[in-house]
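The figures here come from the full heavy-atom set of this structure, side chains too, leaving out hydrogens, waters and symmetry mates. The model shown is predicted, which means the values in this text are computed figures rather than measured ones. Each chain gets a letter, A, B and so on, in the order the sequences are listed, and its residues count up from 1.
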There are 2 protein chains.
Amino acid sequence: MPRSNEVPIDRQRRRHLQSREEILDAALEVMDEAGVGDLNLTEVARRVGLRQPSLYQYFDSKTAVYDALFERGMRGHLAVLRDAAAGTAPGLATLRAMMTATVRFSVEHPVLSHLLFTQSVPGLTPSERAYRPSLEVVALTRAALSTAVARGELCASADSEQGLSLLIALTGGVASQQLANDPGTGFDQGRYARLIEPALDMYALYFAPEGGDGRLTQHVTPDERNP
Amino acid sequence: MPRSNEVPIDRQRRRHLQSREEILDAALEVMDEAGVGDLNLTEVARRVGLRQPSLYQYFDSKTAVYDALFERGMRGHLAVLRDAAAGTAPGLATLRAMMTATVRFSVEHPVLSHLLFTQSVPGLTPSERAYRPSLEVVALTRAALSTAVARGELCASADSEQGLSLLIALTGGVASQQLANDPGTGFDQGRYARLIEPALDMYALYFAPEGGDGRLTQHVTPDERNP
DNA sequence: GTCTATAATAGGATAGAC
DNA sequence: GTCTATCCTATTATAGAC
């Protein structure tokens with residue numbers, strides 16, 4: 001078999017995958033305008049220049065579209081966290097960068113954020129494949145917590161189920177308040193997203209390493225920070 | 001006109017309002033099973049023993065049902081907060097009771113919580129009337145913050161927009177994590193709802209009154225709390 | 001791989017009898 | 001105040017031609 005037969009096949013595959021991505025992009029647009037739960041395939045098709053039945057060449061069902069979006073979102077979140085972690089010193093600085101990146105991701109991708117972090121689509125149960133990246137997210141977060149403790153930046157109890165859950169609740173709370181109360185505003189505009197900084201200060205103070213009365217007295221009170 | 005003519009009219013009004021409440025109860029059930037955004041009036045009618053068109057004697061539209069639920073939920077939340085505030089000493093204790101009550105309310109009424117605190121129904125903009133009780137909720141919270149500062153339980157910067165927003169984000173974060181990750185579990189079962197206690201400790205520590213280095217050294221570290 | 005045509009269903013809302 | 005009957009529209013999904 002001549003090699004020339006195989007190349008066009010790759011090309012077709014590539015175009016097929018490209019079209020899938022375009023469809024997902026359009027789906028996100030539609031969900032942004034109509035609501036996360038109101039994905040309308042006819043409208044999606046219109047935006048990519050197809051008729052609605054043609055979408056079934058790319059996705060088996062509407063649920064498959066949701067699932068693909070879920071996977072894409074989870075991968076995106078994971079990538080953002082890895083970037084944040086890679087660009088900072090290990091330990092508490094990494095932890096702070098990761099949580100800030102999560103809030104930024106949520107604010108910049110409100111639709112994905114709704115899809116991933118709340119259960120906004122009633123019947124939707126993400127496939128194992130789509131869900132998998134989030135396991136890595138948790139592992140990364142645990143590792144950062146653990147490193148921060150090992151470096152003496154946080155006390156040991158930060159690296160526990162409760163410590164992790166508190167951190168997640170804190171971060172998620174900041175993000176979801178911004179999405180609920182200041183939708184459509186950027187990371188730097190809204191009233192809530194910027195709270196991730198003091199929120200992490202709060203967390204670090206609460207889980208401050210013991211034995212450091214000297215450290216505690218160095219603590220700058222909120223009034224001094226905000227005169 | 002004889003007085004006897006007026007009494008049955010009151011009775012009819014009463015029954016009418018009673019039926020409205022029954023319809024709202026059924027609507028909550030349906031939303032609980034199908035998803036907050038998937039309110040199905042035919043199913044609601046079936047549950048209250050009516051045919052779907054008969055509902056229009058009680059509500060002008062599906063949106064009107066949502067709006068009534070929104071108002072009912074907001075009133076319920078406000079009532080719960082007032083109860084919590086009334087049963088505690090003023091200041092920080094009141095604040096803690098109110099935030100804990102909010103998390104409890106969210107966990108015990110997940111559907112209402114979704115409806116009130118996230119925008120889960122795309123087109124839905126609550127009427128001014130339905131939204132009004134939430135203004136009182138914010139006022140109550142501000143008052144409690146202010147009292148806690150006046151009593152020397154928190155430093156002055158707690159009684160600011162940022163202090164309020166942080167508190168709301170913290171509380172909302174705990175509640176929404178529980179709803180997203182441990183749905184269907186009670187206040188005492190889930191992994192997240194109980195975090196409201198340490199979360200409030202964290203908040204109180206961060207906004208601890210100044211000038212008390214002695215106070216700071218009295219601080220019990222998390223490791224000592226959780227041996 | 002894209003189309004037209006169409007099935008199949010669902011669900012909100014109205015008209016008018018009783 | 002409740003019903004039956006019906007309208008209207010939207011939307012997922014399939015069949016089959018090109």
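Listed by residue number, the members of residues 14-39 of chain A with any heavy atom below 4.0 angstrom from DNA chain D are A:L39. For the segment residues 45-70 of chain A, the set of residues with a heavy atom within less than 4.0 Å of an atom of DNA chain D comprises A:Q52, A:P53, A:Y56, A:S61, A:K62, in numerical order.
The backbone N or O of A:Q177 lies less than 3.5 Å from a partner atom in the side chain of A:N181, making a donor-acceptor pair. Checking side-chain atoms of B:K62 against main-chain N and O of B:L39 turns up a donor-acceptor pair under 3.5 Å. Distance alone, capped at 3.5 Å, is enough to place a donor-acceptor pair between the B:Q189 side chain and the B:G186 backbone. A distance-only check finds no donor-acceptor pair linking the side chain of B:R142 to the backbone of B:D159 [under 3.5 Å]. In this structure a side-chain-to-backbone donor-acceptor pair under 3.5 Å is missing from B:S134 to B:V137.
When DNA chain D is scanned 5' to 3' for any atom under 4.0 Å from a heavy atom of chain A, the first and last hits are D:dT11 to D:dT14.
Scored by the ring pair (Phe, Tyr, Trp, His ring centres under 6.0 Å) test, B:F117 finds B:H77 as partners (sequence neighbours excluded).
Among residues at least two apart or in separate chains, ring pair (Phe, Tyr, Trp, His ring centres under 6.0 Å) pairs with a member in residues 14-68 of chain B are B:H16-B:Y58.
Each of B:L116, B:V111, B:L112, B:T118 was scored for a side chain to side chain contact (heavy atoms under 4.5 Å, CB included) with B:H114, with one residue passing: B:T118.
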Below 3.5 Å, can you tabulate the donor-acceptor pairs from side chains in residues 27-37 of chain B to any protein atom, sequence neighbours excluded?
unit_1, atom_1, unit_2, atom_2, d
B:E29, OE1, B:R47, NH1, 3.0
B:E33, OE1, B:R47, NH2, 2.7
B:E33, OE2, B:R47, NH1, 3.2

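Minimum interatomic distance between A:P198 and B:L166 (heavy atoms only, all atoms of both residues): CB-CD1, 4.0 Å.
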